[in-house]
Amino acid sequence: MRLGELVATLGLEALVPGEPDREVTGGYAADLLSDVMAHARQGNVWVTIQTHRNVVAVASLLSLAAVIMAGGYRPDAETMAKAAEEGVPVYATAESTFLVAGRLYELGLR
Amino acid sequence: MVLHFEVRGGDFAAAGEASSRLKAVLRQLGLEANLIRRVAIATYEAEMNVVIHAYHGRIEARIAPAAVEVAVTDEGPGIPDIELAMQEGYSTAPEAIREMGFGAGMGLPNMKRCADELRVESQVGVGTSVYMRFSLPGTAKEDRGEDR
């Protein structure tokens with residue numbers, strides 16, 4: 001699945017937009033950074049309620065396709081600047097992590 | 001090739017930069033993607049341990065034909081019981097840091113999982129040193145993902 005299609009289907013708000021053609025290989029949902037480091041894979045979208053800039057470092061190191069900040073949590077300006085600098089796409093939604101993960105699963109992501 | 005990075009304890013704003021820079025160099029050198037991923041994850045965990053627990057640290061990365069070696073040495077409180085610290089879920093991180101998603105007690109286990117060799121030495125009140133070796137190119141450790 002392509003990132004652009006995923007973003008449109010879920011109605012995500014683009015805070016730092018990514019390439020619509022970027023291939024999304026799957027998804028991971030967690031708020032523990034070490035758990036994400038251990039289990040998320042390249043090209044995954046990461047659903048989390050963490051919003052600080054270390055999220056960007058983790059996403060960048062793992063070459064994730066995008067970070068989805070769920071539950072209405074929003075990053076500060078510094079985090080967004082860092083994400084733009086590192087080329088890490090960031091999206092926001094008011095929906096909970098549970099709902100976002102469910103919708104991603106329905107779209108066929110694993 | 002030998003690279004040096006400085007890491008400041010408590011500097012969460014810069015945390016992860018050393019690992020990112022190391023990863024970028026390994027990519028430029030064209031090392032195998034899965035190896036880069038393992039080095040990046042393990043170095044990030046070691047870097048975060050310095051940021052979370054220590055006052056100051058330095059990372060030395062040696063890139064040689066046979067292996068990538070990463071040594072992380074810090075001045076800090078040290079680890080009284082390394083065996084205990086190696087257990088998944090054991091953490092001494094303060095509450096505020098746990099709320100950021102750190103301090104889950106997975107750092108050292110993640111390093112062990114990613115590295116082909118891990119040595120941790122520590123002296124209470126002085127500091128800790130972590131040595132990791134990643135063999136090239138035949139990756140001894142299986143990994144679930146791939147990197148670009």
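Residue numbers begin at 1 in each chain, while the letters A, B, ... track the order of the sequences.
- Under a 3.5 Å cut-off, the side chain of B/E45 and the backbone N or O of A/M37 do not form any donor-acceptor pair.
- Note: the hydrophobic cluster containing A/V88 does not contain A/V24 (ILVMFWY, side chain heavy atoms under 4.5 Å, direct or indirect links).
- When the side chains of ILVMFWY residues are joined at heavy-atom separations under 4.5 Å, either directly or via intervening members, A/Y28 and A/L10 end up in two distinct hydrophobic clusters.
- Around CZ of B/R62, the count of heavy atoms belonging to other residues, nucleotides or ligands within 6.0 Å does not exceed 12.
- Neither the backbone nor the side chain of B/A24 comes within less than 4.5 Å of any heavy atom of chain A.
- Using a 4.5 Å cut-off between heavy atoms, B/E17 contacts chain A through its side chain alone, with no backbone atom that close.
- Looking only at heavy-atom pairs under 4.5 Å with chain B, the residue among A/V56, A/N54, A/D31 that has the most is A/N54.
- When every heavy atom of B/G16 is checked against every heavy atom of A/A57, the shortest pair comes out as CA-CB, 4.5 Å.
- Interface residues of residues 103-110 of chain B toward chain A, defined by a heavy-atom distance below 4.5 Å and sorted by number: B/A104, B/M106, B/G107, B/N110.
- The environment of CZ in B/R8 is sparse: at most 12 heavy-atom neighbours from other residues, nucleotides or ligands sit within 6.0 Å.
- Listed here is the closest heavy atom pair of B/R27 and A/S63: NH2-OG, 3.6 Å.
- In the hydrophobic cluster analysis, where Ile, Leu, Val, Met, Phe, Trp and Tyr join through side-chain heavy atoms closer than 4.5 angstrom, A/V90 is grouped apart from A/V47.
- Closest non-hydrogen pair, A/L61 versus B/K23, comes out as O-NZ, 2.8 Å.
- Neither the backbone nor the side chain of A/N44 comes within contact range of chain B; no heavy atoms are under 4.5 Å apart.
- Counting non-hydrogen atoms of other residues, nucleotides and ligands closer than 6.0 Å to CD of A/E23 gives a total above 12.
- Highest contact tally toward chain A, considering only B/S19, B/S20, B/A13, B/A15, is held by B/A13 [criterion: heavy-atom pairs under 4.5 Å].
- How far OG of A/S60 is from OH of B/Y44: 10.5 Å, rounded to the nearest 0.5 Å.
- A/Y91 and A/M69 fall into different hydrophobic clusters, where Ile, Leu, Val, Met, Phe, Trp and Tyr are joined by side-chain heavy atoms under 4.5 Å apart, directly or via other members.
- For A/E13, the CD atom is densely surrounded, since the number of other residues' heavy atoms within 6.0 Å is greater than 12.
- Taking CD of A/Q42 as the start and CZ of B/R37 as the end, the distance is 8.5 Å to the nearest 0.5 Å.
- Minimum interatomic distance between B/G101 and A/Q50 (heavy atoms only, all atoms of both residues): N-NE2, 3.3 Å.
- Both B/F5 and B/V68 belong to a common hydrophobic cluster when Ile, Leu, Val, Met, Phe, Trp and Tyr are linked at side-chain heavy-atom distances under 4.5 angstrom.
- Going from atom CZ of B/F102 over to atom CG of A/L32 covers 10.5 Å, rounded to the nearest 0.5 Å.
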